[in-house]
Amino acid sequence: MERDTGSELDGVRTELDAAEQVIGQPNPERALIHLRAAADRLARLIDETMAEAVISGGATLRSAGASAGLTENAVGPRLARTDALAPYANDSGRVTASGIRRAQYDRETGAPPPPAEQREPLRFKPRRPS
């Protein structure tokens, strides 16, 4: 995995500690900022760990998703946002089994990955204007 897992986990803990400090205060809404930051960091860490699991050959898309509590259909787009598998995403912004096989081959042979297309992270979009 390209990211330092220890520092990512430390960042999650730091945000959770900061949230804990303000939850009991008169203005608990301030905790939401820290909780959201912790959730975002944890989601990135889950995605990067899933990517490493499938590249190493120890997991399939389905088993990695199941271990993370995700459906198989949710795994491909999340893997497409990872550092390790973004270069192997297809035009629809998903990593498929063929992309994973290519990433495994490139890792085994030491070949550099193809250039990755930068995509914005998925965000919630309300269906109705308010």
Engineer: Decide salt bridge (Lys or Arg N to Asp or Glu O under 4.0 Å) for Asp17 and Arg13; before the verdict, give the C-alpha distance in whole Å, the side-chain angles of both, and the deciding distance to 0.1 Å.
Structural biologist: CA-CA 6 Å; Asp17 290 343; Arg13 288 184 190 103; over 6 Å; no

Engineer: What distance do Leu35 atom CG and Glu15 atom CD have between them, rounded to the nearest 0.5 Å?
Structural biologist: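 The CG atom of Leu35 sits 9.0 Å away from the CD atom of Glu15.
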
Engineer: If every non-hydrogen atom of Leu61 is compared with every non-hydrogen atom of Leu79, which pair is closest and at what distance?
Structural biologist: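 What the structure gives for the nearest pair is CD2-CD1, 3.4 Å.
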
Engineer: Flag the pair Val75 / Arg78 as yes when at least one side-chain heavy-atom distance between them is below 4.5 Å, and no otherwise.
Structural biologist: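 No. Closest side-chain heavy atoms not under 4.5 Å.
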
Engineer: List the atom of Pro26, the atom of Pro28, and the distance in Å for their closest heavy-atom pair.
Structural biologist: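 The answer is O-CD, 3.1 Å.
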
Engineer: Shortest non-hydrogen contact from Arg94 to Asn73?
Structural biologist: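 For Arg94 versus Asn73, the nearest heavy atoms are NH2-O, 3.0 Å.
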
Engineer: Contact between Arg36 and Leu32 at the side-chain level, heavy atoms closer than 4.5 Å - yes or no?
Structural biologist: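 Side-chain contact under 4.5 Å: no.
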
Engineer: Could you walk me through whether Glu48 and Arg81 pass the salt bridge (Lys or Arg N to Asp or Glu O under 4.0 Å) test, one step at a time?
Structural biologist: CA-CA 9 Å; Glu48 293 291 340; Arg81 295 189 313 261; over 6 Å; no

Engineer: Please give me the minimum heavy-atom distance between Ala31 and Ile23, naming the atom from each residue.
Structural biologist: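 In this case the closest contact between Ala31 and Ile23 is CB-CG1, 3.5 Å.
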
Engineer: Got a sec: does the CD of Glu72 have more than 12 other heavy atoms crowding it under 6.0 Å?
Structural biologist: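 Atom CD in Glu72 is packed in, count exceeds 12.
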
Engineer: Is the shortest heavy-atom distance from the side chain of Leu85 to the side chain of Val54 under 4.5 Å?
Structural biologist: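 Yes - at least one pair of side-chain heavy atoms lies under 4.5 Å apart.
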
Engineer: Return yes if some donor-acceptor pair links the side-chain N/O of Ser63 with the main-chain N/O of Ala59 below 3.5 Å, else return no.
Structural biologist: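 No, because the side chain of Ser63 does not come within donor-acceptor range (under 3.5 Å) of the backbone of Ala59.
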
Engineer: When you look at Asp106 and Tyr88, which way does the side-chain contact (heavy atoms from CB on, under 4.5 Å) test go after all the steps?
Structural biologist: CA-CA 11 Å; Asp106 286 351; Tyr88 302 97; 2.8 Å; yes

Engineer: So which atom in Ala64 and which in Met50 form the shortest heavy-atom distance, rounded to 0.1 Å?
Structural biologist: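 That would be O-SD, 3.8 Å.
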
Engineer: Measure the shortest side-chain to side-chain distance between His34 and Leu16 over non-hydrogen atoms and say whether it is less than 4.5 angstrom.
Structural biologist: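 The answer is no; the side chains never approach within 4.5 Å.
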
Engineer: Under a 4.5 Å side-chain heavy-atom rule over Ile, Leu, Val, Met, Phe, Trp and Tyr, are Val95 and Leu45 clustered together?
Structural biologist: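 They do not share one cluster, since no chain of ILVMFWY contacts under 4.5 Å joins Val95 to Leu45.
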
Engineer: Kindly compute the distance separating CD (Glu8) from OG1 (Thr49), expressed to the nearest 0.5 Å.
Structural biologist: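 If we round to the nearest 0.5 Å, Glu8:CD and Thr49:OG1 are 9.5 Å apart.
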
Engineer: Run the side-chain contact (heavy atoms from CB on, under 4.5 Å) check on Leu9 and Arg41 step by step: do they pass?
Structural biologist: CA-CA 8 Å; Leu9 286 172; Arg41 282 177 172 259; over 6 Å; no

Engineer: Counting distance only, does the side-chain N/O of Asp40 pair as donor-acceptor with the main-chain N or O of Ala43 below 3.5 Å?
Structural biologist: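 No, Asp40 side chain to Ala43 backbone: no donor-acceptor pair under 3.5 Å.
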
